[in-house]
> 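Quick one: the structure is below, questions incoming.
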2 protein chains.
Amino acid sequence: MTGITRYTRILTLFDQAHPTWTVAEISAALDTSASTLYRLIREMVAADMLESTVESRYRLGPLFVEYYRRLKLTDPLVLSGSKFLRPLLNQIPCPCTTILARLYGKTVMCVAEERSSIATFATSYELGRPMPLLRGATSKAVLSTLPKRQIMSLIEQASPNAQNDLDALYAEFTSIRKIGISETHGQVDAGLVGIAAPLRSAELGINASLSAIVEERKLNEEIRPQIYAALSSTARMIEGFMAELALDETKSNPAKSS
Amino acid sequence: MTGITRYTRILTLFDQAHPTWTVAEISAALDTSASTLYRLIREMVAADMLESTVESRYRLGPLFVEYYRRLKLTDPLVLSGSKFLRPLLNQIPCPCTTILARLYGKTVMCVAEERSSIATFATSYELGRPMPLLRGATSKAVLSTLPKRQIMSLIEQASPNAQNDLDALYAEFTSIRKIGISETHGQVDAGLVGIAAPLRSAELGINASLSAIVEERKLNEEIRPQIYAALSSTARMIEGFMAELALDETKSNPAKSS
DNA sequence: ATATTTTTATCGTTTTATGAGAAAATCTCA
DNA sequence: TGAGATTTTCTCATAAAACGATAAAAATAT
């Protein structure tokens with residue numbers, strides 16, 4: 001094992017199903033000697049990525065809370081977009097969750113969300129949870145922002161069976177990009193509808209989406225156009241802010257403010 | 001440079017004041033060759049800790065959002081405490097922010113918070129922001145949960161001048177522990193009052209606090225006892241939940257659920 | 001199209017990581 | 001309290017990886 005993966009493969013073990021690990025368990029899972037792991041874990045504890053708990057077990061450490069904040073304060077998508085999620089909610093006249101999501105490897109991940117107080121339902125697009133690329137308006141809108149080559153490759157990897165229908169599948173994303181809206185019903189959560197607008201900043205290399213999740217039974221021909229309009233106009237504003245940030249970057253570059 | 005610090009000292013550069021860095025800037029800041037940094041950064045980008053942006057600059061990557069979620073789903077303090085922050089808010093009859101904070105190295109950090117919708121003020125105890133140990137009720141309540149030796153050492157490090165008053169300063173923490181409440185006025189933010197209850201789980205090694213931040217001008221002799229009571233009883237419940245989690249841990253240990 | 005900048009690759013040298021085993025520290029439980 | 005068990009750290013020889021100077025390639029700017 002080499003480089004940063006020595007640490008990251010330890011980190012990936014810690015999830016909801018396995019909140020704590022002993023060195024012996026890690027040693028078995030990763031096929032690495034205990035003496036090496038004790039050293040690595042000691043380093044990670046010192047860095048606050050892990051911390052020790054009862055029964056000689058280890059759990060995730062608080063460093064991630066600090067860096068989540070740093071990201072919120074520095075990431076151009078979160079900076080530009082999250083301030084619009086609450087106003088967007090107020091433009092939508094039914095229980096709703098608004099979501100800012102982005103490409104995350106071969107998944108899509110929500111990076112900011114707001115929920116109207118009257119919303120009782122739960123959506124699977126939780127903050128920080130990797131979600132499939134090809135299901136749900138939120139994901140499809142993200143995918144639609146990518147170059148054709150990349151979309152094709154991702155479709156192929158996600159469903160290696162449908163080699164022939166590739167072009168047919170791709171057509172959907174062309175359409176989303178053209179219309180500026182994707183709407184899907186129950187593809188992620190039964191009874192819920194996702195409506196999403198693609199979000200892009202070519203300059204910053206950002207491929208994302210802005211979406212509203214509502215209950216299928218609350219959606220009607222009066223509300224739908226309001227949601228479409230609210231998403232589209234908000235998305236345009238967010239892209240405007242991102243463009244501004246990109247400009248700031250460029251301008252401040254020679255100054256090297258440090 | 002050695003071990004995990006090769007990576008963490010790069011990460012620590014990225015904050016609100018410096019959201020993006022070029023390799024040349026990092027090279028100057030860390031006195032490390034560009035060729036080494038290009039290799040390290042490539043690894044960190046592959047791990048989603050960093051990502052590249054315009055003008056050959058790099059910014060923090062989305063991994064931290066994912067691990068923030070993992071922490072929320074696995075950390076015993078957050079798991080036990082965050083569900084009480086909203087109910088606690090409802091027991092307090094004035095604009096208020098409720099906070100779960102914990103020891104974080106030589107600082108105190110908020111790991112969960114709720115804000116009443118009517119609250120207009122901002123508190124410095126933002127989620128994920130390291131705060132001084134010796135100022136504010138939130139911090140003092142955390143400190144009060146530590147063993148005497150550790151408190152003394154931390155006081156000494158924080159204010160190396162007051163060698164003589166150590167015992168006097170320590171008395172405050174004894175008192176907080178005895179009474180179960182700390183209240184401070186304007187020590188962190190002018191015009192705001194912090195009221196905090198210590199939170200402890202010896203079994204899990206957790207030293208934390210539960211606090212309510214309110215406006216000084218809204219606080220009176222009718223409200224204060226209500227806040228004290230709400231904090232104390234909620235703190236006891238959270239400690240109960242943590243104790244339960246500790247027990248689960250112990251029980252599930254031989255089973256090694258994997 | 002050319003010049004400049006950024007990024008990757010190569011490679012000899014230096015440094016660090018690895019893992020087995022010993023030692024120390026901590027925990028368990030009578 | 002103390003013997004036994006477990007967990008963690010330490011030591012050290014060997015193997016492996018990191019470092020950084022330089023060259024090559026790729027990407028950007030002019």
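Here is how names work: the chains are called A, B, and so on, in the same order as the sequence lines, proteins then strands, and each is numbered from 1.
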> Please classify the nucleic acid contact of Thr2(B) as base, sugar-phosphate, or nothing, using heavy-atom distances under 4.0 Å.
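If one applies the 4.0 Å heavy-atom cut-off, Thr2(B) turns out to touch the sugar-phosphate alone, with no base involved.
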> Rounded to whole angstroms, how far apart are CG on Leu40(B) and C1' on dT8(C)?
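In whole Å, dT8(C) C1' lies 14 Å from Leu40(B) CG.
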> OG1 of Thr20(A) to CG of Leu13(A): how many Å apart, nearest 0.5 Å?
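So the gap between those two atoms works out to 11.5 Å.
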> Specify the separation, in whole Å, of atom CZ of Arg9(B) and atom C1' of dC19(D).
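Between C1' of dC19(D) and CZ of Arg9(B): 12 Å.
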> Output yes when at least one side-chain N/O atom of Ser33(A) is less than 4.0 Å from OP1 or OP2 of dT18(C), else no.
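For dT18(C), OP1/OP2 do not have a side-chain N/O of Ser33(A) under 4.0 Å.
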> For Phe241(A), is the NZ or CZ atom of Lys83(A) found under 6.0 angstrom from the centre of its six-membered ring and inside 45 degrees of the ring axis?
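Yes, Lys83(A) lies over the aromatic ring of Phe241(A).
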> Once salt bridge (Lys or Arg N to Asp or Glu O under 4.0 Å) is applied, do any residues pair with Arg69(B), and if so which ones, sequence neighbours excluded?
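Only Glu126(A) meet the salt bridge (Lys or Arg N to Asp or Glu O under 4.0 Å) criterion with Arg69(B).
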> What is the distance, rounded to the nearest whole Å, between atom CH2 of Trp21(B) and atom P of dT7(C)?
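My rounded result for the distance is 16 Å.
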> Would you compute the distance between atom CD1 of Ile10(A) and atom CD of Glu43(A) and round it to the nearest 0.5 angstrom?
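Reported value, rounded in 0.5 Å steps: 9.0 Å.
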> Counting neighbours of CZ on Arg135(B) that are heavy atoms of other residues, nucleotides or ligands and sit closer than 6.0 Å, is the number greater than 12?
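Counting neighbours around CZ of Arg135(B), 12 or fewer heavy atoms of other residues, nucleotides or ligands fall under 6.0 Å, so no.
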> Round to the nearest Å and state the distance from Asp31(A) atom CG to dG19(C) atom C1'.
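After rounding, the reported distance stands at 12 Å.
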> Tell me: CE of Met44(B) to P of dA18(D), nearest whole Å?
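For the pair Met44(B) CE and dA18(D) P, the rounded distance is 14 Å.
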> Given atom CD of Glu203(A) and atom C1' of dA29(D), what is their separation to the nearest angstrom?
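Computing the Glu203(A):CD to dA29(D):C1' distance gives 17 Å.
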> Calculate the interatomic distance between Leu30(B) atom CG and dG20(D) atom C1'; express it in whole Å.
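Rounded to whole Å, this separation is 15 Å.
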> Can you name the residues that form a ring-ring contact (aromatic ring centres under 6.0 Å, His included) with Tyr7(B), not counting sequence neighbours?
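Once residues adjacent in sequence are excluded, Tyr7(B) has no partner under the ring-ring contact (aromatic ring centres under 6.0 Å, His included) criterion.
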> Would you work out how much the helix from dA1(C)-dT30(D) to dA30(C)-dT1(D) bends between its ends, with each end axis defined by five base pairs, to 10 degrees?
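Between the first-five-pair axis and the last-five-pair axis there is 70°.
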> Using the test salt bridge (Lys or Arg N to Asp or Glu O under 4.0 Å), find all partners of Glu156(A) that sit at least two apart in sequence or belong to another chain.
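For Glu156(A) there are no salt bridge (Lys or Arg N to Asp or Glu O under 4.0 Å) partners, ignoring immediate neighbours.
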> For nucleotides 6-16 of chain D, just jot down a letter per nucleotide in 5' to 3' order: B, S or -, based on protein non-hydrogen atoms under 4.0 Å.
-SBBB------
> With sequence neighbours excluded, what pairs up with Tyr68(A) under the side-chain hydrogen bond (donor to acceptor under 3.5 Å, both in side chains) test?
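Result, side-chain hydrogen bond (donor to acceptor under 3.5 Å, both in side chains) vs Tyr68(A): none returned.
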> Hey, could you give me the CD1/CE distance between Ile41(A) and Met49(A), rounded to the nearest 0.5 Å?
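So the gap between those two atoms works out to 13.5 Å.
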> Figure out the CD/P separation between Glu51(B) and dT7(C), and round it to whole Å.
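The answer, rounded to whole Å, is 14 Å.
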